[in-house]
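This structure is a prediction, so every number in the text was calculated from the model and none was measured.
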Amino acid sequence: MSSHSRDPSQTPSTLRHVMALLRVTAACGARGASIDDYLDATELSRPTIYRLLKGLREEGFLRPSPVRHRYLLGYELLVLGAEAGNGASLRDLSRPRLLKLAQSLGDSFYLFAHDGRHAVCLEVQNGAYPVGSFVASIGGRVLLGAGQASIALLASLEPDERDWILAANRDELADRYDIAIDAVEAEIERCREHGYARGVEGSSLPEFTGLALPLLDHSRRCLGAMSCSMLKSRMTPTHREAVLTAMSEQIDELVSQAHGLLRTEP
């Protein structure tokens with residue numbers, strides 16, 4: 001088959017088209033996405049959209065909505081997502097530890113991982129005093145530079161990669177969160193000096209604060225970040241030290257357990 005007669009569904013751009021359809025579906029939420037939604041959000045033709053939707057349904061990545069002629073994300077994405085967020089069994093190992101921290105200290109505890117220009121939430125457990133967060137649930141993403149977990153992740157990166165991310169995120173951090181890059185860089189340096197991260201205060205969530213620690217393996221490679229969010233009124237010196245001590249203990253045990261699992265795998 002010549003390049004001029006090649007089926008559009010077989011071109012290298014197909015992956016981008018498929019991802020665009022999945023993102024449109026996710027953005028439409030519980031109501032589901034219609035053909036008009038896909039047409040409005042992409043430059044794809046109606047026949048191409050129908051062809052790609054058929055393939056996504058057959059593979060389990062989309063499913064029909066109860067509302068006729070609309071589509072929801074498929075359950076196969078849950079299967080893939082669970083594995084994507086469970087490198088070195090981090091999600092499985094972190095879940096009971098975050099729950100223990102939440103129950104004993106009362107705050108909200110999270111596991112985050114670096115994902116391009118963002119930090120993605122892999123796990124969350126709320127205590128007796130749950131608070132708001134930049135992410136609404138597992139799988140939520142926040143721009144690196146916003147929130148204490150992102151500071152801990154940025155502090156663990158090589159300078160070249162960190163500088164690229166901050167340059168790429170500069171305008172969006174200012175527009176969405178009223179966060180200046182200078183303030184982010186200052187917190188990164190403070191994190192590297194003191195070993196734990198604080199968030200940079202901006203226009204979002206002004207009544208909340210938090211702490212974060214990087215998860216460093218035995219070779220000092222960063223696996224993610226564990227963070228705690230709380231009301232500012234709860235951030236007393238005594239409570240801060242209790243949170244940092246408890247998180248540090250859980251991280252040490254988690255990393256050791258993850259290392260042991262990796263060594264025993266065939």
Side-chain angles (χ1 to χ4, degrees), residues 85 87-88 90-91 93-94 97-98 101 107-124 133-135 140-174 176-202 204-205 208-230 232 235 237 240-256 258-259:
L90 283 183
R91 278 195 68 196
L93 295 177
S94 70
R97 300 183 187 284
L98 295 179
L101 290 168
D107 303 303
S108 297
F109 290 84
Y110 303 80
L111 176 70
F112 280 89
H114 176 203
D115 183 26
R117 296 190 300 120
H118 297 80
V120 61
C121 178
L122 302 184
E123 187 63 47
V124 57
S133 170
F134 288 117
V135 297
R141 286 151 47 100
V142 63
L143 206 65
L144 284 171
Q148 59 273 10
S150 74
I151 299 296
L153 292 171
L154 285 166
S156 71
L157 298 177
E158 293 295 325
D160 287 348
E161 184 176 9
R162 181 167 62 245
D163 291 345
W164 175 85
I165 290 172
L166 292 179
N169 289 358
R170 178 188 299 272
D171 292 342
E172 194 171 353
L173 284 171
R176 290 180 58 187
Y177 304 103
D178 194 24
I179 290 176
I181 289 296
D182 289 347
V184 175
E185 291 174 336
E187 282 300 324
I188 290 171
E189 289 306 310
R190 187 189 175 282
C191 176
R192 293 174 66 85
E193 179 181 353
H194 295 279
Y196 69 91
R198 307 178 305 182
V200 177
E201 186 167 325
S204 301
L205 309 176
F208 303 133
T209 187
L211 303 162
L213 293 170
L215 278 73
L216 303 177
D217 67 12
H218 292 77
S219 62
R220 307 300 293 173
R221 179 174 60 96
C222 184
L223 303 176
M226 184 180 290
S227 74
C228 170
S229 295
M230 69 184 79
K232 283 185 177 178
M235 185 67 88
R240 180 180 64 243
E241 291 306 312
V243 168
L244 289 173
T245 298
M247 283 202 303
S248 180
E249 291 173 352
Q250 293 299 323
I251 286 173
D252 288 345
E253 294 177 6
L254 187 156
V255 170
S256 294
H259 181 67

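Residues that satisfy the side-chain contact (heavy atoms from CB on, under 4.5 Å) test with Leu216, not counting sequence neighbours, are Pro214, Arg220, Cys222. Evaluation of the salt bridge (charged side-chain N to carboxylate O under 4.0 Å, His left out) rule for Asp163 yields no partner, not counting sequence neighbours. Partners of Ser227 under the side-chain contact (heavy atoms from CB on, under 4.5 Å) rule, at least two apart in sequence or in another chain, are Tyr110, Phe112, Gln148, Ala149, Ala212. Listed by chain and number, the residues in a side chain to side chain donor-acceptor pair (under 3.5 Å) with Ser94 amount to none (sequence neighbours excluded). A search for salt bridge (charged side-chain N to carboxylate O under 4.0 Å, His left out) contacts involving Glu253 returns Arg97, not counting sequence neighbours. In this structure, the salt bridge (charged side-chain N to carboxylate O under 4.0 Å, His left out) partners of Glu187, at least two apart in sequence or on a different chain, are Arg198. Residues passing the salt bridge (charged side-chain N to carboxylate O under 4.0 Å, His left out) test with Asp252, sequence neighbours excluded: none. Residues satisfying the side chain to side chain donor-acceptor pair (under 3.5 Å) criterion with Asn169, sequence neighbours excluded, are Arg117.
Asp107 approaches Cys228 most closely through the heavy-atom pair CB-SG, 3.5 Å. The minimum heavy-atom distance between Leu157 and Arg162, with the atom names listed, is O-NH1, 2.7 Å. Scanning both residues, Leu173 and Gly145, for their nearest heavy atoms gives CD2-C, 3.9 Å. Closest non-hydrogen pair, Leu166 versus Ile188, comes out as CD1-CD1, 4.2 Å. Closest approach of Ile165 and Gly116 over heavy atoms only: CD1-O, 3.7 Å.
With Leu111 as reference, Leu122 is the one residue of Leu122, Val124, Leu254 to meet the side chain to side chain contact (heavy atoms under 4.5 Å, CB included) rule.
Taking the side chain as every heavy atom from C-beta outward, Leu211 and Met235 approach each other to under 4.5 Å.
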side-chain contact (heavy atoms from CB on, under 4.5 Å) between Phe109 and Val243, worked out = CA-CA 10 Å; Phe109 290 84; Val243 168; 4.2 Å; yes
Please tabulate, one pair per line, all N/O donor-acceptor pairs under 3.5 Å involving side-chain atoms of residues 189-197, not counting sequence neighbours.
from: Arg190; atom 1: NH2; to: Tyr196; atom 2: OH; distance (Å): 2.9
from: Arg192; atom 1: NH1; to: Ala155; atom 2: O; distance (Å): 2.6

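Residues in residues 141-160 take part in these salt bridge (charged side-chain N to carboxylate O under 4.0 Å, His left out) pairs, two or more places apart or across chains: Asp115-Arg141. Applying the side-chain hydrogen bond (donor to acceptor under 3.5 Å, both in side chains) test to pairs two or more places apart or on separate chains, none has a residue in residues 240-249. Residue pairs meeting the salt bridge (charged side-chain N to carboxylate O under 4.0 Å, His left out) criterion with at least one partner in residues 146-156, sequence neighbours excluded, are absent.
Here Leu143 contributes atom CG and Arg170 contributes atom CZ; the two are 12.5 Å apart, rounded to the nearest 0.5 Å. Between the NE2 atom of His118 and the OG atom of Ser150 there is a distance of 11.0 Å, given to the nearest 0.5 Å. Separating the CD atom in Gln250 from the CG atom in Leu101 is a distance of 5.0 Å, to the nearest 0.5 Å. One finds the OG atom of Ser256 at 10.5 Å from the CG atom of Asp217 (value rounded to the nearest 0.5 Å).
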